[in-house]
Amino acid sequence: MNNQDNSKRKIFNHKAIESRWQKYWEENNIYKTPDKMADKENYYVLVEFPYPSGNLHVGHWHAFAVTDIFARYKRMLGYNVLYPIGFDAFGLPAENAAIKHGLNPRKWTEANIAHMSAQLRSMGAMFDWSRKVATIDPGYYKWTQWQFLQFMKAGLAEQKNVPANWCPSCKTVLANEQVINGACERCDSEVEKKDLKQWTLKITKYADRLIDDLDELDWPEEIKKSQKEWIGRSEGAEIDFPIKDSDEKIKVFTTRPDTIFGATYMVLAPEHELVKKWLEEGKIENKEDVENYIKEAKKKSEIERTNAEKEKTGVELKGIKALNPARKKAKMEDSEIPVFIADYVLAHYGTGAIMAVPAHDERDYDFAKKYDLSILQVVACGDLPCAEKAELINSGPFDKMGSEEAKKEIVNWLGAKMTKTYRLRDWVVSRQRYWGVPIPVVHCEKCGSVPEKEESLPILLPETDDYLPSDDGKSPLAKVPEFVNTTCPVCGAPAKRETDTLDTFVDSSWYFLRYIDPENEKEFSSMEKQKTWMPVDFYSGGAEHTTMHLLYSRFWQKALFDLGLVKDKEPYKRRLNRGLIMGPDGQKMSKSKGNVIDPDEVVANVGSDSVRMYLAFMGPYNEPGHYPWNPDGVVSIRRFLERVYGLKFAIKEESSEELKKLLHKTIKKVREDSERLKFNTAISAMMVFVRQAEKEGITKADLQAFLKLLAPYAPHMAEELWHELALGESVHTQEYPEFDEALIKEDTIKLAVQINGKVRAEIEIPADASEDEVREVALANGNIKKHLTDKEIVKFIYVPGKIVNIVAK
RNA sequence: GCCGGAGUGGCGGAAUUGGUAGACGCGCACGACUCAAAAUCGUGUUCCUUCGGGAGUGGGAGUUCGAUUCUCCCCUCCGGCACCA
């Protein structure tokens with residue numbers, strides 16, 4: 001047997017305890033969350049809902065079980081806490097499984113949801129299952145379609161030609177956010193650029209607000225910064241450069257209009273409209289060279305083209321000359337400048353054309369050197385090329401003016417305008433795959449692309465057995481005639497349905513609004529419910545969603561806000577990016593590495609409480625570090641819980657003053673650490689307390705207080721002991737214990753005494769001792785005396801309650 | 001290249017406003033128990049040491065009575081952006 005008499009730990013049967021209390025909680029509806037409770041404030045704790053894959057993994061436990069600690073803690077503090085659960089259930093894995101194993105994606109997904117739900121219940125989390133949401137339910141996606149229609153009517157959703165990212169392996173387009181280093185986010189295949197007609201959402205219209213509204217959010221700075229950089233706002237001017245002997249103009253975007261007098265040539269992207277036009281009109285003398293260059297540029301992948309290391313190439317458009325508008329207006333020499341095409345200028349950024357200022361831009365400098373173009377310094381910033389802002393030179397009327405001032409002055413003087421440009425592209429939401437929400441649009445020969453009637457929603461995803469995507473960019477839905485052939489909702493003539501489905505990130509852009517009103521058949525989420533729950537108070541999720549889900553759903557919320565459909569312009573008040581659990585070898589868990597930890601197995605061995613508490617103990621929850629799973633670590637938490645269980649045999653009538661003090665210090669520490677998500681140090685404090693209580697015994701009242709502290713961390717164990725000690729209904733409906741400030745204060749304190757910054761002694765003094773008293777005690781100390789022999793005290797420093805430092809020579 | 005964040009024992013980590021660096025846990029060592037092992041309990045555990053001490057939070061300088069904490073320079077790792085005009 002594991003339990004000998006010398007052990008204070010007591011083995012418990014975690015399986016019996018878990019099933020007993022999980023059943024009890026369910027039968028008594030402990031976690032059913034009302035929309036309103038008298039004299040309780042609502043608090044909404046959210047975790048990104050999972051994709052229903054085959055099995056729960058450790059990452060799911062880390063996400064849901066540890067956040068559950070926080071939710072339970074808030075609940076005990078007196079909030080009416082909503083902690084919902086659901087499934088983000090459309091998406092490629094189901095479809096790929098269907099193709100590979102001949103399964104039905106809906107059946108496959110629903111089976112996974114059932115299995116995962118059972119696994120999730122084993123966590124003993126305070127999920128309110130009555131609010132469960134799944135994006136594949138017609139009752140849910142009806143509203144996804146409905147919101148899409150509202151966006152369409154508001155001009156926020158439109159079908160247009162875009163340079164789309166095509167994944168040749170998934171055979172669908174992807175949004176920019178879903179292309180990671182030129183590869184598909186899902187399958188890692190290299191993504192191709194194709195011009196395709198796709199449904200897009202106008203997220204770019206919200207670029208400024210998506211940046212500016214970040215300021216009000218209680219989010220980690222690194223997330224805000226990443227989003228800002230992803231949106232990539234840059235402020236500058238749009239300036240027209242006239243073409244010589246023509247009415248045409250080249251519009252450029254520049255952040256440095258102050259350098260315009262040094263623009264000695266221009267560059268257009270090879271795809272620029274004007275190049276096409278001039279070629280057609282026969283204005284370009286070296287037509288063949290130019291056409292060849294364009295062809296070559298097309299062949300290169302995006303990654304090749306945007307590699308800064310690569311030597312710059314380009315071709316001059318012979319027969320075309322542009323005029324530098326500033327030099328011309330100031331009647332200066334050399335206002336006529338050559339025009340090039342070069343692939344270092346990108347068609348989809350700014351205006352697709354630049355004024356090149358080789359003296360003050362490294363890229364332009366390299367290019368000018370290579371093609372022997374003139375380089376003219378116009379800012380006194382040092383050795384060329386230099387981009388620092390400084391006083392202007394060789395700039396006619398603007399000489400001696402500083403860069404910043406000159407920017408505005410020059411733009412004004414030229415009659416140009418200041419403007420902003422963004423890296424962010426519109427969100428391409430159509431997917432050429434089966435397992436998603438059908439886009440509720442009908443294409444009619446007469447009426448064009450028209451929205452479905454709202455009363456026809458949901459447009460159900462049809463049953464089929466051919467899920468194979470095709471190379472021609474058509475969704476498998478195109479192969480289901482009963483689905484495709486319909487009538488126009490406007491004129492009633494025969495028409496064809498849109499066959500693309502929506503990106504799953506659309507489904508997840510509003511799920512938190514459904515949790516608060518899951519049964520509503522009239523609205524996607526009523527204003528009334530929003531008033532009680534929104535915005536989300538605390539949102540925990542993975543760092544990988546920073547520029548995907550987190551950005552999309554903020555946009556979605558803002559778009560709904562503008563339509564008067566939601567009450568908040570931001571969906572999430574506080575956001576936390578969680579860390580990652582690694583394999584025992586410190587590597588990312590993967591089947592091929594054989595370092596995957598199966599939570600079911602560990603839970604079977606040591607119990608749910610041990611697993612959730614170990615995951616909370618590994619490191620600070622609010623720092624997205626990488627924490628290796630230590631199999632011995634989870635066992636150590638189990639040992640801790642056995643000590644806790646053993647405390648019921650250590651109950652005595654009266655406990656020591658010391659233990660009482662320790663209890664109140666522990667309450668303070670655990671409470672504060674839980675609030676700041678430092679569950680690791682909260683657990684450490686509980687361990688210290690338990691060690692002491694075990695040693696000297698504890699009163700029932702003190703144990704009761706401790707169990708309340710433990711309850712959010714080890715809900716089953718806390719409940720078990722609560723009932724064994726006959727303390728009342730459920731520990732989880734109790735109020736959080738308060739600490740007594742008077743008990744935390746010490747009468748005497750231990751003080752380190754340093755000589756010249758080195759600790760030489762430790763003295764014990766009354767907490768309210770005066771400096772003179774402290775000095776007396778310190779100088780009387782034997783070791784201090786010894787170290788002060790032959791030395792003169794220069795200075796005596798006493799920082800009350802902290803330290804004594806004696807400076808001696 | 002630019003911008004963030006981080007770097008602390010063998011390992012995960014702690015140190016809330018500058019005040020005894022290494023809490024708590026893992027691992028390891030020794031002891032108790034045992035025929036023995038495991039388990040358990042106890043003790044120790046940053047490094048060096050002539051046992052007086054000395055060094056020490058990536059490296060180097062600085063401010064301070066005192067620096068993991070503040071300032072400057074450098075190195076490494078992680079993340080975001082990157083031919084973005």
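Naming: A, B, ... by sequence-line order, numbering from 1 per chain.
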With respect to the phosphate group of [N], does any side-chain polar atom (N or O) of [X] fall under 4.0 Å of OP1 or OP2?
X        : N      : value
A:Arg639 : B:rA39 : no
A:Arg363 : B:rC84 : yes
A:Arg760 : B:rU20 : no
A:Arg256 : B:rA85 : no
A:Arg9   : B:rC41 : yes
A:Arg638 : B:rA39 : no

Proximal nucleotide (of [options]) relative to the [X] side chain:
X        : options                : result
A:Leu346 : B:rG52, B:rG12, B:rA85 : B:rA85
A:Ser234 : B:rC83, B:rG80, B:rA85 : B:rA85
A:Ser226 : B:rU20, B:rG53, B:rG80 : B:rG80
A:Ile803 : B:rG19, B:rG80, B:rC24 : B:rG19
A:Lys669 : B:rU16, B:rC81, B:rG4  : B:rU16
A:Asn680 : B:rU20, B:rA14, B:rG19 : B:rA14
A:Lys225 : B:rG80, B:rG42, B:rG19 : B:rG80
A:Val799 : B:rG19, B:rC81, B:rG53 : B:rG19

Mind checking [X] for me? I need base, sugar-phosphate or nothing, with any heavy atom below 4.0 Å counting as a touch.
X        : value
A:Pro620 : sugar-phosphate
A:Tyr349 : base
A:Val345 : base
A:Val688 : sugar-phosphate
A:Glu672 : base
A:Glu762 : base
A:Lys758 : sugar-phosphate
A:Gln754 : base

Quiz item: Looking at A:Tyr365 versus A:His360, is the centre-to-centre ring distance below 6.0 Å?
Solution: no
Practice problem: Verify whether the ring centers belonging to A:Phe367 and A:Tyr265 lie closer than 6.0 Å. | Solution: yes
Quiz prompt | Syn or anti for B:rG59 (syn when the glycosidic angle lies within 90° of 0) | solution = anti
Quiz prompt | Distance-only donor-acceptor test (3.5 Å): side chain A:Lys795, base B:rC65 | solution = no
Quiz item: Does a distance-only test, which skips hydrogens and angles, find a donor-acceptor pair under 3.5 Å between the side chain of A:Asp632 and the base of B:rC26?
Solution: no
Quiz item: Taking it one step at a time, do A:Ile250 and A:Asp240 satisfy side-chain contact (heavy atoms from CB on, under 4.5 Å)?
Solution: CA-CA 6 Å; A:Ile250 301 174; A:Asp240 288 335; over 6 Å; no
Quiz prompt | Pairing stems for RNA chain B [at least three consecutive pairs; Watson-Crick or G-U; under 3.5 angstrom] | solution = B:1-7 with B:75-81, B:10-12 with B:24-26, B:27-32 with B:40-45, B:46-48 with B:53-55, B:58-62 with B:70-74
Quiz item: Quick one: on RNA chain B, does A:Val759 or A:Tyr627 contact a more 5' nucleotide (nearest heavy atom)?
Solution: A:Tyr627
Self-check item: Residue whose closest nucleotide on RNA chain B lies nearer the 5' end, A:His787 versus A:Thr351
Solution: A:His787
Quiz item: With rounding to whole Å, what would you report as the distance between B:rU68 and B:rA15 at their P atoms?
Solution: 16 Å
Quiz item: When the C1' atoms of B:rU69 and B:rA85 are considered, how many whole Å apart are they?
Solution: 42 Å
Quiz item: Is the closest side-chain heavy-atom distance between A:Met582 and A:His626 below 4.5 Å?
Solution: yes
Quiz item: Atom NZ of A:Lys802 to atom P of B:rU16: distance rounded to whole Å?
Solution: 10 Å
Quiz item: Relative to each other, are the rings of A:Phe70 and A:Tyr73 parallel, tilted or perpendicular (30° and 60° limits)?
Solution: tilted
